[in-house]
Amino acid sequence: MSSNNCYSTTTTFLSSVIFAIAPLLIIILLLTIFFIKFKQLIPNNNHKQSLPPGPTPWPIFGSIPELLFNRPTYRWLHDLMKDFNTDIACIRLGTTTHLITVTSPEIARELLKKHDAIFASRPLTLATSLLSQGYKATVVSPCDDQWRKMKRALVSNVINHSKLAWLLEKRTQEADNLVRFVYNQANQIGGGVVNVRVAAQQYSVGVLRRMIFGKRYFGKGREDGGPGKEEEEHVEALFSVLSHSYSYSVSDILTWLRWFDLDGHQRSVRKAMEVINKYQGSLVKERIREWSDNKKVEDLLDVLISLKDSDGNPLLCEDEIQAQLTELFIAVVNNPHTIAESALSEMLKHPEMLEKATQEIDRVIGNEAELLQESHVPQLTYLIACAREALRLHPVSTFNLPHLSIADCTVAGYFIPKGSHILISRLGLGRSPTAWDQPLRFNPDRHLPENRRDLVETDLRFISFSTGRRGCIGMELGTNMTIMLLGRLLQCFAWKIPKGVKKMDLRIEEEENTLLIATPLFAHATPRFNPSFYAF
Ligand code: HEM
């Protein structure tokens, strides 16, 4: 037999062996992959309790297909909880992430009061990473040293009682501007129709712009007190970032798809951040460049730049300041305006409430020539009750900001694994039939026995500023801004439903995690006083 023949026989033999065992190898490989995945799917048996009820997950993908195809997600989650007849549910995403949804005040208290330390972190998303320049600030950062540093800086030096007292005049100027803007629309024979949403949104952001940058307008502004195109663009960009922050984007759930930006979220957030940086960023850069330690500290940007660490070096770098300012604007852009808009809409449906709140303001001020001031706010208990009721019944978002658990825990008798995303439903708490009698009725009187002087609700019967380590730092400012906004509108103008509108439309807009009333509130305003009252 020739060597050639021998070689070819050996090759043929080897090929036939490989050919014979190839399917076996493929089967072994598949089994190994399946075993690894399957192992991940088996619940951890070290705990005795079961997970909260929820849909049966698909292998590997969990309930991601349902989550992506049932929009808006908040409705799917709430419907699912109703079907399971539960106040706490668990939706598994992929093999390891658990989404825990909660609709009862008792369970919310267990999470944010009893086990606060365990649930004090935040999940990461593409939008929150972009807005915070890689988690350099407070609101969206996970519970780490950077968050601690920034929160401490905010509470001790930036948003506290003494700084707010120092900046009172700037806030009052913006409240005067609100009245001027609305007066210029209402000062016609028979009054005028006002877009309350625009006035209220621009007031909220205007208050912060004055406190941070010492000025109201990025550009030339407008004579009538309204927003210029720069301010409109700024507010629109803030809302865009806010609405994408925790919106269950495909790229947040299946992170390996981020590159493709399938739902366009990344593009939208980057575009909005360009606008925000164009306005805020250039001011911060310029101020840092021109900074000298002899400069008089005149606004919150000066405060942030002037903070020093224990070695006497600047405490915050430019990125931290930029990120923190964006977060502060995002923190105020929606709450005060939504509360004022929905409270006024409800009061227009119930004119006796409008009358009662206006009479209270007149009585507290006692002197017709004076405009409402922040010092009057604690005495306006009926108006505060109306704002609390608006917060309870018409929350601005379906869920509180998400929390993330940093250890395994037992809640309501169920096992909650480390790394769970916790979504506390603002709708579920505020409209809970066990916590509230006739929950769907707008009834400010239900808050009166408590005689509250603020919007704080630490018992979590509804979410206002929430509570615990991740609780809001803007309770005093948020209450004052909201009540001044609503109070000035009621004090200075008589409001009614515009001609041709049969009833106020309080249907909500079904967008991801936002509950804005579908149509902005257009209401008819007439000045209540002589023109000389508005000449300030
Ligand atoms: C009526 C007005 C306001 C309401 C209803 C409100 C509500 C909230 C809520 C519900 C949270 C999330 C709490 C949680 O995760 O459990 C929050 C967080 C926060 N708010 Fe507010 N807020 C208001 C105004 C403000 C203002 C005026 C500021 C400051 C200028 C502010 C700054 C913050 C910050 C920094 C956080 C993040 C805290 C952290 O994660 O550690 N808020 N707010």
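Atoms within each ligand, like the ligands themselves, are counted from 1 in listed order. Side chains included, hydrogens not; waters and symmetry mates left out as well; all remaining heavy atoms used.
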Aromatic W76 / basic R71 pairing, under 6.0 angstrom, 45° off normal: no
Anything under 3.5 Å between an N or O on ligand 1 and a protein N or O? List each pair with its distance, or write none.
| from | atom 1 | to | atom 2 | distance (Å) |
| --- | --- | --- | --- | --- |
| ligand 1 | 15 (O) | R122 | NH1 | 2.9 |
| ligand 1 | 15 (O) | R122 | NH2 | 2.9 |
| ligand 1 | 15 (O) | H403 | NE2 | 3.0 |
| ligand 1 | 16 (O) | N400 | ND2 | 2.9 |
| ligand 1 | 16 (O) | H403 | NE2 | 2.9 |
| ligand 1 | 16 (O) | S466 | OG | 2.6 |
| ligand 1 | 40 (O) | R122 | NH2 | 2.9 |
| ligand 1 | 40 (O) | R470 | NE | 2.9 |
| ligand 1 | 40 (O) | R470 | NH2 | 3.2 |
| ligand 1 | 41 (O) | W147 | NE1 | 3.0 |
| ligand 1 | 41 (O) | K151 | NZ | 2.8 |
| ligand 1 | 41 (O) | R470 | NE | 3.3 |

Heavy-atom check, side chain of L124 versus side chain of Y135, under 4.5 Å: yes
Looking at the rings of Y203 and H337, which for Trp means the six-membered one, are their centres under 6.0 Å apart? no
Under 3.5 Å side-chain donor-acceptor pair for Q266 and R270: yes
For a quick check under 3.5 Å, do H78 and T103 share a side-chain donor-acceptor pair by atom type? no
Donor on one side chain, acceptor on other, T128 and T125, under 3.5 Å: yes
